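Structure first, then comments.
Predicted, not measured: the structure shown is a model, and the values here were computed from it.
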Amino acid sequence: MENTNPLENPVSKNEFNGFWIPRHNAKVMKQGFENNKAPFLPDASGNIKVDPIYNSATGYCLPANRLIPVQFAKMENGFNSNFVGTRTTIGSMDNNIKENEKGVFYNFKDEQGEIHTASLFFAEQTQNPEDFIQKSQERLKGTVQFPDVSMAIASSEPKEYLGSYIAACRTGMKLSVAPQIASELKTKLMPVLENDFKKPEERNKALPSLSNVLFDADKRSTEIIRTLSQENGQSMQPKQKKTQSQDMEMCF
């Protein structure tokens, strides 16, 4: 069996950034669809459990291209916490990662445009989870919230469906969807996942990457939140200034 774990099978920087992470994320999501288990799929009653996960360094909900892979990792490992941080962030809290713990990898660009890789770890993966959660909660930013708003997803287009889900994660609104629409989403996303799972040189360039699908969903979530804010008389918080490690990598 092919070993795609870069920690055990050393690969070049370009292979690691451009091949392993997109391929791994596509594999995990594809397996979730096949098992009918994904964070954005409904339960038997059509309700979707909204599960925001916050970056402990910024206090904001993760952007889509990190949120979705991290949510899959949470489901797979049975974690309960909703805070993640990099090794540097956790170290700044006078805490450390437990031995042999593996985080969720992601790509980002620095100000010079060079691609780097970092990992996010859950509270349960630190030596002092309670302290990590407490300090992360203190950093939470006040964001627009709609706990009394309910939305039914009306479209199976990935941008609309996932955009609604990301908006719910960021605002706490209730979300539901008809089983048929959720099934159609899986049908539309599966070719994208199967394409990302291929080697870069074998991929169909006419299909969008999973990263680009999630990027579009993230932008759509902002539009949805803006509309809800106007309808409910709330003001959106000023747009956060992105750090180098927050920039989303959309090249692959």
Side-chain angles (χ1 to χ4, degrees), residues 3-25 27-29 31-32 39 49-112 114-143 166 169-170 211 214 218 240-249 252:
N3 183 358
T4 58
N5 186 339
L7 300 177
E8 299 174 2
N9 182 27
V11 295
S12 71
K13 181 178 180 180
N14 286 338
E15 288 174 326
F16 181 74
N17 289 324
F19 171 64
W20 189 82
I21 294 178
R23 191 173 192 266
H24 176 73
N25 288 345
K27 176 182 179 181
V28 170
M29 188 177 291
Q31 289 176 337
K49 179 183 178 181
V50 176
D51 189 28
I53 298 179
Y54 301 94
N55 184 332
S56 60
T58 67
Y60 287 99
C61 183
L62 294 173
N65 75 330
R66 296 179 197 171
L67 177 64
I68 299 298
V70 167
Q71 286 177 332
F72 271 102
K74 178 179 178 178
M75 294 176 67
E76 181 180 357
N77 292 284
F79 296 143
N80 292 314
S81 66
N82 288 75
F83 295 100
V84 292
T86 62
R87 190 177 298 273
T88 299
T89 298
I90 292 169
S92 71
M93 296 178 172
D94 298 320
N95 204 339
N96 290 292
I97 306 298
K98 293 178 182 177
E99 188 175 357
N100 297 324
E101 290 288 338
K102 294 180 176 63
V104 181
F105 291 99
Y106 67 92
N107 296 331
F108 67 92
K109 282 184 178 180
D110 63 18
E111 293 180 349
Q112 287 71 44
E114 184 175 354
I115 300 169
H116 300 271
T117 300
S119 301
L120 292 170
F121 297 87
F122 281 87
E124 289 90 339
Q125 296 178 281
T126 69
Q127 293 181 353
N128 193 339
E130 293 78 11
D131 186 65
F132 177 75
I133 292 173
Q134 179 183 342
K135 290 179 178 177
S136 297
Q137 288 175 332
E138 293 172 354
R139 298 183 180 189
L140 278 178
K141 300 292 192 299
T143 57
I166 300 302
C169 287
R170 292 168 61 186
S211 292
L214 295 179
D218 204 89
Q240 67 188 98
K241 181 179 179 181
K242 289 185 177 181
T243 62
Q244 292 179 9
S245 63
Q246 290 172 278
D247 290 335
M248 290 194 290
E249 171 51 43
F252 309 121

If I compare all heavy atoms of Gly85 with all of Phe132, which pair ends up nearest, and what's the gap? N-CZ, 3.8 Å
From the list Leu120, Thr86, Thr89, side-chain contact (heavy atoms from CB on, under 4.5 Å) with Ser56 holds only for Thr89
Mind checking the CG-CD1 spacing from Asn55 to Ile53? Nearest 0.5 Å is all I need. 11.0 Å
For Phe72, give me all partners under ring pair (Phe, Tyr, Trp, His ring centres under 6.0 Å), at least two apart in sequence or on another chain. none
Tell me, with the steps shown, if Leu140 and Tyr54 meet side-chain contact (heavy atoms from CB on, under 4.5 Å). CA-CA 8 Å; Leu140 278 178; Tyr54 301 94; 3.7 Å; yes
Between Glu15 and Ser12, is there a donor-acceptor pair closer than 3.5 Å when you use the side chain of the first and the backbone of the second? yes
What pairs with Glu114 under side chain to side chain contact (heavy atoms under 4.5 Å, CB included), at least two apart in sequence or on another chain? Lys13, Asp110, His116
Set of side chain to side chain contact (heavy atoms under 4.5 Å, CB included) partners for Glu124, sequence neighbours left out: Phe79, Asn80, Ser81, Phe122
Which residue pairs satisfy the salt bridge (charged side-chain N to carboxylate O under 4.0 Å, His left out) criterion with at least one member in residues 68-86, sequence neighbours excluded? Asp51-Lys74
Filter on side chain to side chain donor-acceptor pair (under 3.5 Å), then keep only pairs touching residues 132-142, sequence neighbours left out; what's left? Asp131-Lys135
Those residues at least two apart in sequence (or on a different chain) that pass side chain to side chain contact (heavy atoms under 4.5 Å, CB included) with Lys49 are none
Checking Ser119 now: which residues fulfil side chain to side chain contact (heavy atoms under 4.5 Å, CB included) with it, not counting sequence neighbours? Phe105, Phe121
Quick one: closest heavy-atom pair of Asn65 and Leu214, and the distance? CA-CD1, 3.6 Å
Does some side-chain heavy atom of Pro52 sit less than 4.5 Å from a side-chain heavy atom of Arg170? no
Would you compute the distance between atom CZ of Phe16 and atom CD1 of Ile21 and round it to the nearest 0.5 angstrom? 4.5 Å
If every non-hydrogen atom of Pro69 is compared with every non-hydrogen atom of Arg66, which pair is closest and at what distance? CD-O, 3.4 Å
Approximate separation, where rounding is to 0.5 Å, of Asn17 CG and Thr117 OG1: 3.5 Å
Can you tell me how far apart CG (Leu62) and CD (Gln71) are? Round to the nearest 0.5 Å. 8.5 Å
Asn95 side chain to Asn128 main-chain N or O, any donor-acceptor pair under 3.5 Å? yes
In Leu67, Ile68, Asn82, the residue satisfying side-chain contact (heavy atoms from CB on, under 4.5 Å) with Cys169 is Leu67
Can you name the nearest heavy-atom pair linking Phe108 to Ala118, along with the distance? CE2-CB, 3.8 Å
Quick one: pull up CD in Gln125 and CZ in Arg87 and give me the separation to the nearest 0.5 Å. 10.0 Å
